[in-house]
> 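Structure below; questions to follow.
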There are 2 protein chains.
Amino acid sequence: MYQEILSHIQEYIQLDATEVELFTSMLVRKKLRKRQFLIEEGSSVNYQYFVVSGCLKAFEVDENGDEHIIQFAKENWWISDFKAFFDESNSKLTIDSIEESIVLGIEKNDLEELYRKVPKFERFFRIKLTRAYVALQNRILSSLEKTNEEQYLDFQKAYPNLEQRIPNYMIANYLGIQPESLSRIRKRLVNN
Amino acid sequence: MYQEILSHIQEYIQLDATEVELFTSMLVRKKLRKRQFLIEEGSSVNYQYFVVSGCLKAFEVDENGDEHIIQFAKENWWISDFKAFFDESNSKLTIDSIEESIVLGIEKNDLEELYRKVPKFERFFRIKLTRAYVALQNRILSSLEKTNEEQYLDFQKAYPNLEQRIPNYMIANYLGIQPESLSRIRKRLVNN
DNA sequence: AAAAAATATTGACTTGGGTTAAGATTTTCA
DNA sequence: TGAAAATCTTAACCCAAGTCAATATTTTTT
């Protein structure tokens, strides 16, 4: 049950049996059916989540009611509204499942306790955040430098096999283009 | 000399005299004249920098030789090529000064030693990275949701007073539009 | 298996911002 | 201060992607 998250964490820090016990005792398992909400806009965000299986998306709804996907999360990814989680503010993001999914949540207070008792976890999340920060920088640079076609190809490389699990209109949304445009890009790519 | 960086850090963690001494002993001061490079593309990146005064920009040069600005850094901001710094890879970013600037650098080995000896610094940078991550998420959401005019107004809000210190063509570059377009937007704004 | 819902494609038309080019204005520095 | 460099603005034209609308295809549900 905890093997995925433990081996994920132990890629970065080493844990002894007591630490594993403390950490896993803090985890809450949630099972989501397809299209079920994990975090709803406007609610408080008490958990950050590790995806054991399945796939979710985080998006913001704009003033016209349109969704804008900021992140997909499949197996071994972390997802939450990190701003709301850290600020204890209300969520501006919505997170729901694209497939039936299993996630492990850790509560904010537990996480703070974990940082106090096992400071290595500060290190773990510092490293994860550094990588996440760099990934977002690259996404921005890609949007500044590249055509939509190139960004689509980048997406396929960055998230191998994810495309088969997600409808095209969500990929278009993530890329900031209309589904019609993605359809034209895909057509161009198969013809060439 | 160290008062800015120390009060910046002590917003998040408390340091005693020994810790202050250890930390400041690791800092290297660099003074840059306008247009001087801090990090050049292709070089190794041994430092991350805190800006004491002045203003710098980090950008990537694309295959056509065009620059794309990913970040400005003024007083109390951190800047580096964090990917290259952490991976010990060669820099894909270039960083140079927009104004005469003073920065404090900390070397990678020293930072690792600091983490070992004063784990609170892991906490400090974890918190800073969380905020930086959220800021980049917001920048991406802004680019997905908003018109160029709205993004320009967001930039002015997010970086008050910075606009007066930076040429418009760099702001246009940061926003991913042509200077001509920014000029049109600015004209529209004064007329309305 | 049929109906309903969700997803994907295509075509016609429109438009915001890119491109090119020229000139105006401001800043830098010898 | 004056020349050179850097920066900003305006105009004309063009194109990639948005919009709107219709239809096709796939998936889900009953």
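Side-chain atoms are counted along with the backbone in the values below, which use heavy atoms only and exclude waters and symmetry mates. Residue numbering restarts at 1 for every chain, and letters A, B, ... go by the order of the sequence lines.
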> Ring centres under 6.0 Å, that's the criterion: do Phe121(A) and Phe23(A) meet it?
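Centroid distance Phe121(A)-Phe23(A): below 6.0 Å, so yes.
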
> Using modelled atom types and a 3.5 Å cut-off, is there a donor and acceptor pairing between side-chain atoms of Ser97(B) and backbone atoms of Leu38(B)?
no

> Go through the side-chain N and O atoms of Glu122(B) and Tyr115(A) and say whether any donor and acceptor fall under 3.5 Å apart.
no

> Could you see if Tyr159(A) belongs to whatever hydrophobic cluster contains Ile95(A)? Use Ile, Leu, Val, Met, Phe, Trp, Tyr and a side-chain cutoff under 4.5 Å.
no

> Just by distance, do the side chain of Asn64(B) and the backbone of Asp66(B) share a donor-acceptor pair under 3.5 Å?
no

> At under 4.0 Å between heavy atoms, how does the protein contact nucleotides 9-22 of chain D? Give one character per nucleotide, 5' to 3', with B, S or -.
BB-B----SBBBB-

> Near DNA chain C, which residues from residues 151-165 of chain B have a heavy atom under 4.0 Å away?
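The answer is none.
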
> Looking at Tyr47(B), is its backbone amide N or carbonyl O close enough to the side chain of Ser80(B) to form a donor-acceptor pair, meaning the two atoms are under 3.5 Å apart?
yes

> Could you tell me from which nucleotide to which nucleotide of DNA chain C, 5' to 3', there is an atom under 4.0 Å from chain B heavy atoms?
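The footprint of chain B covers dG17(C) to dT28(C).
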
> Quick check against the 3.5 Å criterion: does Asn173(A) have a side-chain atom that pairs as donor or acceptor with the backbone of Glu67(A)?
yes

> Whole Å only: how far is the CD1 atom of Ile98(B) from the P atom of dA6(D)?
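Taking atom P of dA6(D) as the reference, CD1 of Ile98(B) is at 16 Å.
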
> Got a sec: does the NZ of Lys92(B) have more than 12 other heavy atoms crowding it under 6.0 Å?
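Open.
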
> Could you check whether any side-chain N or O of Ser183(A) sits under 3.5 Å from a backbone N or O of Pro179(A), counting only pairs where one atom can act as donor and the other as acceptor?
no

> Which label fits Phe50(A) and His8(A): parallel for a plane angle under 30°, tilted from 30 to 60°, or perpendicular past 60°?
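Tilted.
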
